[in-house]
Amino acid sequence: MDFKLEIAKKISGMVDMELEKIIDLIEIPPQSNMGDYAFPCFQLARVMRKSPNMIAKELSEKIDKDLIVDKAEAAGGYLNFFINKSEYTKYIINDVLEKGSAYGRQIGNEDKTVLVEFSSPNIAKPFHVGHMFNTVIGSSIEKVFRHLGYKTERLNHIGDYGTQFGKLISAYKRWGNEEAIDKDPINELLKIYVKFHEEAEKDEELEKEGRMYFKHLEKNNPDSVAIWQKFKDLSLREFKKLYNLLNIEFDSYAGESFYSDKMPEIIDMLYAKNLLVDSEGAKIVDLSEFNLPPCLVIKSDGATIYVTRDLAAALYRKRAYDFYKNVYVVGGTQTLHFKQVFGTLKLMGFEWADDCEHVGTALIKFADKKLSTRKGDVIFAKEVIDEAIVKTTEIIENKNPNLKNKELVAKQIGIGAIIYTFLKNSRERDVVFSWEESLSFEGESGPYVQYGYVRGNSILNKAGTINENADLSVLNTEDEFNLVKLLGSFKDALKESAERYEPFVITRYVTDLAKAYNKFYNTHHILNAEEKVKDARLLLTKAVCNVFKISLGILGMETPESM
RNA sequence: GCACCUAUAGCUCAGCAGGAUAGAGCAACGGUUUCCUAAACCGUGUGCCGGGGGUUCGACUCCCUCUAGGUGCACCA
């Protein structure tokens with residue numbers, strides 16, 4: 001039973017307005033003492049030629065008390081509904097417990113596939129905090145859609161193609177040290193890559209050599225391909241260590257090189273549709289009808305460019321997955337690039353271009369130069385994770401030295417703290433990285449939310465078996481009802497998070513849940529309450545823990561058993 | 001030069017398909033532990049919502065303009 005819908009039906013029986021429209025208008029009052037749902041009458045005022053206050057007043061008199069609504073009051077043009085708390089409480093808690101881990105799932109999405117491209121690091125380059133930010137956001141977006149019941153595919157569009165790899169092969173042949181590379185592949189490869197650039201300034205031959213090796217690569221020269229493949233394997237091995245720490249998996253690592261042999265077809269199609277225009281020796285697609293600058297598809301030397309690969313990749317994905325949505329979680333600096341790619345696809349006649357979505361992520365910046373220059377001018381993801389775990393371990397030693405599984409819990413909390421910081425605010429707002437902020441353990445933070453779960457979990461464990469048939473009507477305090485309302489609004493949070501591709505909606509939601517549960521916990525006894533109340537509060541706690549687990553899971557955070 | 005984004009409390013940020021007194025956390029100060037983990041809870045204060053116009057019964061929210069900051073603008077990805 002959907003209480004909002006039932007209320008909308010009541011209203012629609014009294015006024016001349018579409019049910020859909022009414023549902024749309026119904027809102028939740030800013031203060032709980034004003035009611036649980038509110039219907040603004042301002043729009044009706046025009047057609048009914050009466051003041052909103054009058055309309056609200058008249059409507060309120062026609063609403064009778066029943067199982068849904070306790071009473072309806074008019075207040076300043078709003079018709080405020082106070083729902084039947086006891087019925088609502090029963091309905092929500094039972095719903096959460098019945099659905100279990102599937103609570104919040106939408107039906108009807110089973111056959112729709114949502115592709116989410118995220119992370120996409122370049123091989124042989126360090127994985128820094130910026131990559132981690134994008135990875136954590138992309139992963140959470142995918143989990144939101146998965147929880148809503150969509151089929152999803154996690155795509156890691158690895159950067160493994162381009163002249164840079166010719167240069168790297170050249171550098172490897174000159175200065176590559178097997179042992180060092182095996183020990184610390186990415187840093188060692190980066191080192192010889194940097195050396196290549198230094199040497200190239202003195203010796204022009206090097207640049208030529210680099211381009212030559214890239215040509216070899218393109219022509220599938222076995223020697224060059226083998227070296228490139230080695231770089232790729234080593235890099236992926238390192239990346240996967242991080243993904244493991246973050247509990248993130250991918251369904252595909254098909255990167256740029258994978259699409260290189262799929263470019264000729266897209267180029268042929270562009271020619272066939274007369275979309276390619278000569279401009280300064282290059283081939284471009286005119287996008288003036290979308291008010292966009294032209295899109296360069298083929299360079300003046302005849303070579304392709306990353307736009308070409310993205311076009312080929314999009315078509316490939318449509319054929320391979322027949323996606324419902326094709327989501328690119330990529331830095332916001334590439335907004336124009338994606339507009340051009342989607343615009344070009346549209347001109348090619350692919351209507352599904354409208355199903356492609358660029359979801360921009362913010363830049364991670366550094367305010368404190370000292371910190372950013374630690375190891376060059378980046379901070380590695382691994383450093384941040386290690387630092388967080390160390391800090392958590394210290395706190396555990398300090399607060400709970402007898403804790404079991406300290407190492408595991410330190411990892412769950414430390415990594416959770418970082419993820420929380422990354423998913424706390426809107427994804428497009430630039431982040432000035434600070435250790436203090438990332439490793440925040442107080443107030444609205446990862447550990448705060450996990451602590452809320454741990455408290456509930458601990459109580460459930462102590463209770464042992466709980467009475468599944470407890471009478472929930474004894475839950476009649478305000479603190480309890482606030483929790484119930486939050487449980488009920490989980491679906492709204494999920495929906496909004498998906499519509500906006502914004503994990504922070506879930507972060508805020510679960511933080512509110514933690515606040516409400518902590519307050520409830522502090523104010524009322526659970527195990528020490530009288531039998532009937534205890535049973536009901538245990539069921540409430542169980543439902544809350546279930547939603548904690550689902551929400552934190554969507555964010556990519558773990559739920560420690562204790563902390 | 002053109003395009004897009006951002007501007008809300010001392011700091012970091014929510015709120016913006018227009019609506020009821022603009023909200024959190026941090027920081028500051030004060031309080032809570034014979035009681036299920038105090039990584040918790042409670043209380044106190046703060047705002048020309050960047051400036052100026054306009055639309056509207058009503059604007060932090062929509063439109064125009066100015067200012068400040070950021071990003072992008074063809075042969076890197």
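All values below come from the heavy atoms of this structure, side chains included, with hydrogens, waters and symmetry mates left out. Just so we're on the same page: letters track the sequence lines, and every chain starts at 1.
We find that A/E209 and A/K167 are not joined by a salt bridge, their nearest charged nitrogen and carboxylate oxygen being 4.0 Å or further apart. A/K404 has no carboxylate O lying under 4.0 Å from a charged side-chain N of A/E561, or vice versa, which leaves the two without a salt bridge. Salt-bridge check for A/E496 with A/R500: passed, with a basic side-chain N closer than 4.0 Å to an acidic carboxylate O. A/E558 and A/K411 are not joined by a salt bridge, as no carboxylate oxygen comes within less than 4.0 angstrom of a charged side-chain nitrogen.
Anti is the classification of B/rA24, since its glycosidic angle lies more than 90° from 0.
Under the Watson-Crick or G-U wobble criterion, with both distances below 3.5 Å, B/rG25 is paired with B/rC11. Base pairing analysis places B/rC48 opposite nothing; no Watson-Crick or G-U wobble pair with both distances below 3.5 Å involves it. B/rG18 makes up no base pair with any nucleotide shown, lacking Watson-Crick or G-U wobble contacts both under 3.5 Å. Across all strands shown, B/rG70 is found opposite B/rC4 as a Watson-Crick or G-U wobble partner, with both distances under 3.5 Å.
Put simply, CD1 on A/I364 is 16 Å from P on B/rU12, counting in whole angstrom units. Atom-to-atom, CD1 of A/I459 to P of B/rA40 comes out at 16 Å; the value is rounded to the nearest Å. Across the protein-nucleic acid pair, A/D430 atom CG and B/rC4 atom C1' stand 13 Å apart, rounded to whole Å. The interatomic distance linking A/N80 (CG) with B/rA20 (P) rounds to 12 Å, in whole Å. Rounded to whole angstrom, the span from the CD atom of A/Q31 across to the C1' atom of B/rA22 amounts to 11 Å. Residue A/I26 contributes atom CD1, which lies 17 Å from atom C1' of B/rA20 at whole-angstrom precision. The interatomic distance linking A/K519 (NZ) with B/rU32 (C1') rounds to 14 Å, in whole Å. Remark: P of B/rG72 and CZ of A/F338 are 15 Å apart, rounded to the nearest angstrom.
Paired with A/V409 under the rule side-chain contact (heavy atoms from CB on, under 4.5 Å), one option of A/I396, A/N400, A/T392, A/T393 passes, and it is A/I396. Each of A/K71, A/K4, A/K485 was checked for a salt bridge (charged side-chain N to carboxylate O under 4.0 Å, His left out) with A/D36, and the lone residue meeting it is A/K485. Of the residues listed (A/Y328, A/F118, A/Y259), the one engaging A/H157 in a ring-ring contact (aromatic ring centres under 6.0 Å, His included) is A/Y259, and it is the only one.
Backbone-only contact: A/K515 has heavy atoms under 4.0 Å from sugar-phosphate atoms and none from a base. Base contact: A/A75 has a heavy atom under 4.0 Å from a base atom. Across all strands shown, A/P40 has no heavy atoms under 4.0 Å from either base or sugar-phosphate atoms. Residue-level contact check: A/P29 touches the bases, meaning some heavy atom is under 4.0 Å from a base atom. No engagement by A/D512 is indicated, since no non-hydrogen atom pair under 4.0 Å with the nucleic acid exists. Note on A/L292: nothing from the nucleic acid sits closer than 4.0 angstrom, heavy atoms only. Residue A/R427 is out of contact with every strand shown, counting any heavy-atom pair closer than 4.0 Å. A/L336 comes within contact range of the sugar-phosphate backbone alone, with a heavy-atom separation under 4.0 Å but no base atom that close. Within the nucleic acid shown, A/H524 comes within 4.0 Å of at least one base atom, counting heavy atoms only. Contact annotation for A/D479: no contact, since no heavy-atom pair falls under 4.0 Å across all strands. Within the nucleic acid shown, A/Y521 comes within 4.0 Å of at least one base atom, counting heavy atoms only. Residue-level contact check: A/S440 touches neither bases nor backbone, having no heavy atom under 4.0 Å from any strand. Nucleic acid contact class of A/A38 (heavy atoms, under 4.0 Å, all strands): base.
In terms of phosphate contacts, A/T335 brings no side-chain nitrogen or oxygen within less than 4.0 Å of OP1 or OP2 of B/rG72. For B/rU37, one of the phosphate oxygens OP1 or OP2 lies less than 4.0 angstrom from a side-chain nitrogen or oxygen of A/K462. Within the 4.0 Å cut-off from OP1 or OP2 of B/rC26, not a single side-chain nitrogen or oxygen of A/Y448 is found. Between A/R429 and B/rA14, a side-chain N or O to OP1/OP2 separation shorter than 4.0 Å is present.
Of the possible polar contacts, one joining the A/R427 side chain to the A/Y501 backbone as a donor-acceptor pair under 3.5 Å is found. In this structure, the side chain of A/E27 does not engage the main chain of A/Y37 through any donor-acceptor pair within 3.5 Å.
Applying the 3.5 Å distance criterion, the base of B/rA24 shares no donor-acceptor pair with the side chain of A/N425.
In this model, no donor atom of one side chain and acceptor atom of the other lie less than 3.5 Å apart for A/Q334 and A/Y306.
Enclosure of atom NZ in A/K57 is not indicated, since only 12 or fewer non-hydrogen atoms of other residues, nucleotides or ligands lie within 6.0 angstrom.
For the P atoms, the distance linking B/rC4 with B/rC63 amounts to 12 Å, nearest Å. Nucleotides B/rU37 and B/rC41 place their P atoms 16 Å apart, quoted to the nearest Å. With C1' as the reference atom, B/rC42 and B/rG54 are 46 Å apart, rounded to whole Å. Separation of the P atoms belonging to B/rA17 and B/rC60 is 14 Å when rounded to the nearest angstrom. Going from the P atom of B/rG52 to that of B/rC57 covers 23 Å, rounded to whole Å. To the nearest whole angstrom, the two C1' atoms, one in B/rG19 and one in B/rA3, are 33 Å apart. A distance of about 12 Å separates the C1' atoms of B/rG51 and B/rA7, rounded to the whole Å. Across the C1' atoms, B/rG72 and B/rC13 are found 25 Å apart, a figure rounded to whole Å.
Nearest-nucleotide assignment on RNA chain B puts the 5′-proximal partner with A/S426, out of A/S426 and A/A514. Mapping A/I28 and A/N518 onto RNA chain B by nearest heavy atom places A/I28 closer to the 5' end of the strand.
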When you compare the protein's N or O atoms with those of nucleotides 75-77 of chain B, which come within less than 3.5 Å of each other, and at what distance?
{"unit_1": "B/rC75", "atom_1": "O2", "unit_2": "A/S300", "atom_2": "N", "d": "2.5"}
{"unit_1": "B/rC75", "atom_1": "O2", "unit_2": "A/S300", "atom_2": "OG", "d": "3.1"}
{"unit_1": "B/rC75", "atom_1": "N3", "unit_2": "A/S300", "atom_2": "OG", "d": "3.0"}
{"unit_1": "B/rC75", "atom_1": "N4", "unit_2": "A/E280", "atom_2": "O", "d": "3.0"}
{"unit_1": "B/rC76", "atom_1": "OP2", "unit_2": "A/K299", "atom_2": "NZ", "d": "3.2"}
{"unit_1": "B/rA77", "atom_1": "OP1", "unit_2": "A/R309", "atom_2": "NH2", "d": "3.0"}
{"unit_1": "B/rA77", "atom_1": "OP2", "unit_2": "A/Y306", "atom_2": "N", "d": "3.3"}
{"unit_1": "B/rA77", "atom_1": "O3'", "unit_2": "A/E256", "atom_2": "OE1", "d": "2.5"}
{"unit_1": "B/rA77", "atom_1": "O3'", "unit_2": "A/E256", "atom_2": "OE2", "d": "2.6"}
{"unit_1": "B/rA77", "atom_1": "N7", "unit_2": "A/Y306", "atom_2": "OH", "d": "3.3"}
{"unit_1": "B/rA77", "atom_1": "N6", "unit_2": "A/Y306", "atom_2": "OH", "d": "2.5"}

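Residue A/V454 has its side chain nearest to B/rU37 when only B/rA39, B/rC41, B/rU37 are considered. The side chain of A/F42 sits closest to B/rG19 out of B/rG19, B/rU71, B/rA20. Picking from B/rA39, B/rA20, B/rG25 the nucleotide with the shortest atom distance to the side chain of A/Y451 gives B/rA39.
Aromatic ring orientation, A/F520 versus A/Y517: tilted (interplanar angle from 30° to 60°).
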